[in-house]
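Worksheet: one structure, shown below.
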Amino acid sequence: MTAAALAKVLGPRLSITLVESSEIGIVGVGEATIPAIALFNKLLKLDENDFLRQTQGTFKLGIEFVDWWEKGHAYMHAFGPVGRDLAYIPFHNYWLRDQAQGNAGSLWDYSFNWLAAKQARFSRMDRIGDTPLAGLTWAFHFDASLYAAYLARFAQGMGVRRVDAKIAEVLLEPEHGDVRALRLDDGRELAADLFIDCTGFRGLLIEQALRTGFEDWSKWLPCDRALAVPSANTSPLTPYTRSTALDAGWQWRIPLQHRTGNGHVYCSAYMSDDRARELLLANLDSQPLAEPRLIRFTTGRRKQLWNRNVVCMGLASGFIEPLESTAIHLIQVTIQRLILLFPHRGDVEERRREFNRASQVEYEYIRDFIILHYHANNRVGDPFWDACRSMSIPDSLWHRIEIFRETAGIFCSPDDLFQLTSWLQVMWGQGVRPRSTHPFVEAVAPQDRAGYLRDLRGLFAQATQQLPGHAEFIARNCAAQAPASP
Ligand SMILES: Cc1cc2nc3c(=O)[nH]c(=O)nc-3n(C[C@H](O)[C@H](O)[C@H](O)COP(=O)(O)OP(=O)(O)OC[C@H]3O[C@@H](n4cnc5c(N)ncnc54)[C@H](O)[C@@H]3O)c2cc1C
């Protein structure tokens with residue numbers, strides 16, 4: 001992603017070398033994204049249908065959370081709007097006011113994305129008919145290995161030199177400690193002005209060579225292992241990710257064209273690897289296609305994402321578990337930030353400080369959103385979930401939950417990754433209940449309010465019926481070739 005984007009934007013003005021080792025390979029489990037990836041595709045001018053064909057991709061309208069609040073309960077964090085705001089007051093205030101009397105339906109009856117997702121339907125549309133209501137908002141599921149290969153081809157087409165070799169040593173400048181060059185295992189040396197460390201969890205340059213330091217967040221997000229396994233594809237082809245809470249973590253299910261991606265994220269202090277494997281396999285919807293693969297991690301972030309002449313990206317910069325599919329997005333925004341603050345000349349100290357400050361804010365914001373899912377649970381009697389419910393949480397998250405509890409208020413700034421409807425769905429879905437709504441909702445007469453809500457529900461339901469099936473849409477527009485072998 002980094003080589004492709006830098007080559008596209010800064011093109012022939014930079015000489016870019018991508019070093020990767022086919023012997024080491026990639027982690028290869030990032031398979032779900034969020035809608036902002038469309039901006040990355042646009043930057044590269046990728047053709048969306050071609051990209052989906054090349055990566056066995058499918059569309060994603062949201063994430064369903066099963067058993068998270070309580071066993072037997074499910075809700076969705078659907079992308080896109082929920083309802084439509086009226087007279088400056090966010091929509092959910094009107095809905096909350098009337099749902100208390102039991103005549104406003106579910107919050108998700110007002111989410112076009114949710115309705116389409118649950119009926120396995122999809123189409124690209126900006127608006128619902130000739131109404132001002134937004135159409136569907138989508139992201140993608142794709143095969144991460146195919147995506148990496150696709151972008152490597154793209155980057156090479158843009159002039160990036162690709163070297164398949166192992167880095168044996170990182171060579172530092174003796175006077176000031178910057179990285180001078182990389183020594184490869186065949187003895188070659190690669191010198192450069194700027195190094196971008198994309199070496200995954202090992203952080204070969206940023207940590208092993210520069211000792212930048214890591215801020216550990218496992219006191220809030222204690223899951224530290226994942227077992228990943230592909231399984232056969234199933235029908236219907238659902239356009240959403242499913243996340244099911246288990247005894248000490250959760251299991252993902254990501255439908256692709258040629259297979260389903262699955263994984264169990266768990267906390268090793270509460271569950272053995274054997275038990276985690278057993279649960280993962282027992283919860284698959286279809287035949288496993290390989291042996292589960294174990295991945296160990298620690299949640300947290302690198303203390304500086306830009307240190308000396310090294311910028312780190314991806315897993316080298318930190319890790320937040322894939323509950324809201326944010327890792328690939330973090331790569332994308334870090335690339336954007338690097339392009340904006342690119343160290344092309346002069347003293348770069350202030351640019352570096354700004355880069356590190358903004359990256360920290362971004363990471364912490366996502367961290368809080370993920371903690372919310374764990375903390376606000378009602379799985380009383382499950383030791384792992386009891387511990388999550390009773391842990392102390394960051395003040396920033398506490399403030400957000402309290403303000404929603406007091407007045408149903410949710411406040412985000414335009415740069416925040418997750419906006420009002422994301423917080424709303426997860427807080428409501430995780431059982432956080434406001435004590436009151438905004439008093440201005442009373443300015444709308446009860447019968448007008450009820451009529452407004454009824455009309456919206458009707459429009460969304462009707463529009464959903466007109467959508468084609470997700471599988472049918474893919475077959476028509478972006479069907480990939482069946483892989484040669486599983
Ligand atoms: C369990 C799990 C599930 C995930 N699910 C999602 C998801 O659903 N959505 C999402 O957005 N993200 C997800 N992620 C994150 C996502 O997988 C990563 O952010 C993404 O794949 C980028 O990884 P990376 O390139 O930083 O590291 P890696 O994939 O580990 O790549 C490291 C690269 O460095 C090279 N390298 C390392 N050492 C050397 C060396 N000595 N010499 C030469 N080359 C070297 C390797 O060859 C490789 O190319 C998930 C991660 C995990 C662990």
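Whatever order the structure lists them in is the order used to number ligands and atoms, beginning at 1.
- When the options Leu182, Val27, Leu323, Leu18 are ranked by their closest heavy atom to atom 28 (P) of ligand 1, first place goes to Val27.
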(request) Kindly indicate, with the supporting measurements, whether the criterion side-chain hydrogen bond (donor to acceptor under 3.5 Å, both in side chains) is fulfilled by Thr33 and Ser325. (result) CA-CA 5 Å; Thr33 57; Ser325 320; over 6 Å; no
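- Atoms of ligand 1 lying under 4.0 Å from any heavy atom of Gly200, numbered from 1 in the order shown and given with element: 27 (O), 30 (O), 32 (C).
- In this model, a donor atom of one side chain and an acceptor atom of the other lie less than 3.5 Å apart for Asp216 and Ser218.
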(request) Under the side-chain contact (heavy atoms from CB on, under 4.5 Å) rule, what do Leu182 and Phe195 come out as? Steps first, then yes or no, please. (result) CA-CA 9 Å; Leu182 306 176; Phe195 292 84; 3.7 Å; yes
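- Within the structure, ligand 1 lacks Ser317 among the residues with a heavy atom less than 4.0 angstrom away.
- Within the 4.0 Å heavy-atom criterion, both parts of Ser21, backbone and side chain, lie near ligand 1.
- When only modelled atom types and interatomic distance are considered, Gln430 and Tyr75 share a side-chain donor-acceptor pair under 3.5 Å.
- Each of the following atoms of ligand 1 lies closer than 4.0 Å to a heavy atom of Ala32: 7 (C), 8 (O), 9 (N), 10 (C), 11 (O).
- Ala144 does not count as a contact of ligand 1, since none of its heavy atoms falls under 4.0 Å from the ligand.
- Proximity of Phe297 to ligand 1, defined as any heavy-atom pair under 4.0 Å, is not found for any part of the residue.
- Protein heavy atom in closest approach to atom 26 (O) of ligand 1: Leu315 N, 2.8 Å.
- From the protein, the heavy atom lying nearest to atom 42 (N) of ligand 1 is Ile167 N, 2.7 Å.
- In summary, the atoms of ligand 1 found under 4.0 Å from a heavy atom of Gly314, numbered by their order in the structure, are 26 (O).
- In this structure, Tyr374 has its ring center under 6.0 Å from that of Trp385.
- Residue-level proximity to ligand 1 for Arg202 is carried by the side chain, the only part with a heavy atom below 4.0 angstrom.
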(request) Could you please spell out the steps behind the side-chain hydrogen bond (donor to acceptor under 3.5 Å, both in side chains) verdict for Asn307 and Thr212? (result) CA-CA 7 Å; Asn307 185 10; Thr212 302; 2.8 Å; yes
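- The protein non-hydrogen atom at the shortest distance from atom 13 (C) of ligand 1 is Gly30 CA, 3.3 Å.
- Rounded to the nearest 0.5 Å, atoms CG (Leu372) and OG (Ser422) are 11.0 Å apart.
- Under the 4.0 angstrom criterion for non-hydrogen atoms, Ile331 is in contact with ligand 1.
- Val29 CG2, 4.1 Å is the protein heavy atom nearest to atom 50 (C) of ligand 1.
- The neighbour count for Asp126 CG, taken as heavy atoms of other residues, nucleotides or ligands under 6.0 Å away, does not exceed 12.
- Atoms of ligand 1 found under 4.0 Å from any heavy atom of Trp252 (numbered from 1 in listed order, with element): 1 (C), 3 (C).
- Each of the following atoms of ligand 1 lies closer than 4.0 Å to a heavy atom of Ile24: 38 (N), 39 (C), 40 (C), 41 (N), 45 (C), 47 (O).
- Note on Glu189 versus Arg183: salt bridge recorded, some NZ/NE/NH1/NH2 to OD/OE distance being below 4.0 Å.
- Counting the atoms of ligand 1 from 1 in the order shown, those under 4.0 Å from a heavy atom of Glu20 are 44 (N), 49 (O).
- Not a single heavy atom of Gly263 sits less than 4.0 Å from an atom of ligand 1.
- Within ligand 1, counting atoms from 1 as listed, the ones closer than 4.0 Å to a heavy atom of Ala226 are 1 (C).
- Using 4.0 Å as the threshold, Thr33 has no heavy atom nearer than that to any atom of ligand 1.
- The protein non-hydrogen atom at the shortest distance from atom 43 (C) of ligand 1 is Ala165 O, 3.2 Å.
- Asn49 CG: more than 12 foreign heavy atoms inside a 6.0 Å radius.
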(request) Decide side-chain contact (heavy atoms from CB on, under 4.5 Å) for Tyr240 and Trp114; before the verdict, give the C-alpha distance in whole Å, the side-chain angles of both, and the deciding distance to 0.1 Å. (result) CA-CA 9 Å; Tyr240 59 90; Trp114 182 84; over 6 Å; no
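- For the residue pair Arg259 and Asn233, no side-chain donor N or O sits within less than 3.5 Å of a side-chain acceptor on the partner.
- We find that Arg476 and Glu472 are joined by a salt bridge, their nearest charged nitrogen and carboxylate oxygen being less than 4.0 Å apart.
- Of the protein's non-hydrogen atoms, the one nearest atom 33 (C) of ligand 1 is Cys198 O, 3.2 Å.
- Nearest non-hydrogen protein atom to atom 15 (C) of ligand 1 is Ala327 CB, 3.3 Å.
- Heavy-atom proximity to Ile328, at under 4.0 Å, picks out these atoms of ligand 1: 10 (C), 11 (O), 12 (N).
- Ring to ring, Phe369 and His77 are close: their centroids are under 6.0 angstrom apart.
- The protein non-hydrogen atom at the shortest distance from atom 46 (C) of ligand 1 is Gly25 O, 3.2 Å.
- One side chain, Asp50 or Gln54, offers a donor N or O that lies under 3.5 Å from an acceptor on the other.
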